[in-house]
Amino acid sequence: MKRAAAALLLLAACAEPAGAESLQAVVDSALAHAPALRAAEAAREASDEDRVLGRAWLLPYVVADGALSRKTEDYRYDRLAQFLSTEVRNHERRYGLKAYQPLFDLEKWARYRKGEISAASGALRLARQRQRTMLETAAAWLNLLRARAALAAAEAREAAMTRLAEQAGASFSAGTAAVNDSLAAASRRDQARASRIRAGRMVDQAKAELESLTGEAVADAVTPRRGIAPLRAEPDRLEAWQRRAEAAALGVRLGNKQVELARADHLQAIGGALPKVQIVAGWNRT
């Protein structure tokens with residue numbers, strides 16, 4: 001809950017007009033393209049079907065049956081008569097319909113409740129994944145900013161070390177400095193160059209991570225808005241946020257649904273051993 005609140009405060013503090021370089025635009029793009037969020041939406045649609053399937057257990061249903069049989073019967077008479085046949089062939093056709101409407105079936109009611117709980121859990125999982133996508137995108141955006149700041153610092157240090165190495169080399173050529181000073185300056189220059197290369201790789205890695213969430217190329221001009229004023233959470237008390245999280249946090253609500261699902265499983269097991277009442281209406285013809 002605290003991470004979600006921090007992300008919302010960050011979005012509010014860094015919000016800018018529309019543009020590829022703003023945090024809000026990056027988050028909106030991630031919400032539209034993140035693969036994990038698309039998978040969560042598909043799972044939510046599948047869980048919605050559980051509600052329909054659960055309701056089907058309480059609806060009336062119709063059973064149709066039919067049969068066609070062919071019989072050959074042999075007869076034996078005490079006194080044989082010419083006009084009596086000893087073999088009879090019959091054809092029988094039977095068909096009918098039966099309709100059932102459950103009146104009291106605790107097992108089917110529990111299955112209906114499980115469908116409702118599954119659909120509600122799917123919606124909560126989607127909301128939680130949406131929240132996680134926002135947090136991951138904000139974190140990736142900040143990582144990219146930090147990586148680019150580190151790259152800028154590494155480039156400045158490399159430039160400074162290069163100038164110092166050139167001065168040390170010139171002093172050694174003029175005979176005013178020892179060779180060790182020139183070699184040490186060249187070593188610091190090489191270390192600064194290696195740090196700059198490493199910082200460039202970190203920028204590429206952070207950019208690739210952000211692009212994997214947004215599904216599109218990230219502008220090179222990603223920078224925070226100038227003059228960001230820190231925001232304070234309201235109310236500014238940890239106890240209030242803890243009570244709020246215990247009552248409304250998505251993880252807590254999803255856990256409550258899991259408890260309800262376990263109770264529905266228990267009710268279904270009990271209902272399987274209880275008597276059932278249903279209305280049956282039928283029509284048959286032979």
Side-chain angles (χ1 to χ4, degrees), residues 1-47 121-159 161 190-233 241 245 249-255:
M1 186 70 179
K2 291 191 292 183
R3 291 199 304 164
L8 293 177
L9 291 175
L10 179 63
L11 284 173
C14 299
E16 298 182 21
E21 70 278 0
S22 67
L23 175 58
Q24 185 63 57
V26 171
V27 170
D28 291 341
S29 181
L31 292 178
H33 300 93
L37 192 57
R38 302 284 76 75
E41 290 178 352
R44 192 276 310 273
E45 293 177 359
S47 64
S121 299
L124 289 175
R125 291 190 185 95
L126 176 60
R128 185 176 63 174
Q129 185 58 50
R130 182 181 178 88
Q131 187 181 88
R132 288 178 175 175
T133 301
M134 294 175 62
L135 292 173
E136 291 174 359
T137 305
W141 188 79
L142 292 176
N143 287 337
L144 180 57
L145 292 182
R146 284 193 290 265
R148 286 181 172 168
L151 177 60
E155 290 174 347
R157 185 171 184 274
E158 181 186 10
M161 292 298 103
D190 295 340
Q191 289 179 354
R193 183 176 300 166
S195 299
R196 189 260 303 166
I197 294 174
R198 189 185 312 112
R201 296 292 182 269
M202 295 301 294
V203 170
D204 295 338
Q205 181 179 350
K207 188 176 180 180
E209 181 181 358
L210 185 57
E211 289 177 351
S212 68
L213 292 170
T214 60
E216 58 186 13
V218 178
D220 293 333
V222 174
T223 55
R225 180 168 57 88
R226 300 299 179 183
I228 295 178
L231 299 179
R232 298 181 62 85
W241 286 99
L250 294 176
V252 175
R253 293 170 60 188
L254 188 58

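Source: prediction; values computed, not measured.
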* Asked: Which heavy atom in A36 sits nearest to a heavy atom in Q129, and how many Å separate them?
  -> CB-NE2, 3.4 Å
* With sequence neighbours excluded, what pairs up with R44 under the salt bridge (Lys or Arg N to Asp or Glu O under 4.0 Å) test? -> D48
* Structure fact -> Residues passing the side-chain contact (heavy atoms from CB on, under 4.5 Å) test with R146, sequence neighbours excluded, are L142, N143
* **Those residues that, when tested against S195, pass side-chain contact (heavy atoms from CB on, under 4.5 Å) (two or more places apart)** => R198
* Rounded distance (nearest 0.5 Å) linking atom CD of E45 with atom CG of L126 -> 9.5 Å
* Determine which pairs satisfy salt bridge (Lys or Arg N to Asp or Glu O under 4.0 Å) with at least one residue from residues 135-144, sequence neighbours left out, and list them in order. => none
* R196: side-chain contact (heavy atoms from CB on, under 4.5 Å) partners, not counting sequence neighbours -> L151, A154, E155, E158, R193
* Can you measure from CG (L210) to CG (L145) and round to the nearest 0.5 angstrom? => 9.0 Å
* Asked: Minimum heavy-atom separation for T137 to A30, with atom names?
  -> OG1-CB, 3.2 Å
* **With Q205 via side-chain contact (heavy atoms from CB on, under 4.5 Å) - residues at least two apart** => M202
* To do: Can you see which heavy atom on G122 is nearest to which on S47, and at what distance?
  => CA-OG, 3.5 Å
* Listed by chain and number, what are the side-chain hydrogen bond (donor to acceptor under 3.5 Å, both in side chains) partners of D204, not counting sequence neighbours? -> none
* Asked: Any salt bridge (Lys or Arg N to Asp or Glu O under 4.0 Å) pairs touching residues 33-43, not counting sequence neighbours?
  -> R38-E41
* For residues L144 and K207, report the shortest heavy-atom separation together with the two atoms involved. => CD1-N, 3.8 Å
* To do: Could you tell me the separation between the CE atom of M134 and the CG atom of L37, rounded to the nearest 0.5 Å?
  => 11.0 Å
* Main-chain N/O of E209 paired to S212 side chain as donor or acceptor, under 3.5 Å -> yes
* What closest approach, in Å, do L124 and L250 show between heavy atoms, and which atom pair accounts for it? -> CD2-CD2, 4.2 Å
* **Inter-residue atom distance D28.CG - T214.OG1, 0.5 Å rounding** => 11.5 Å
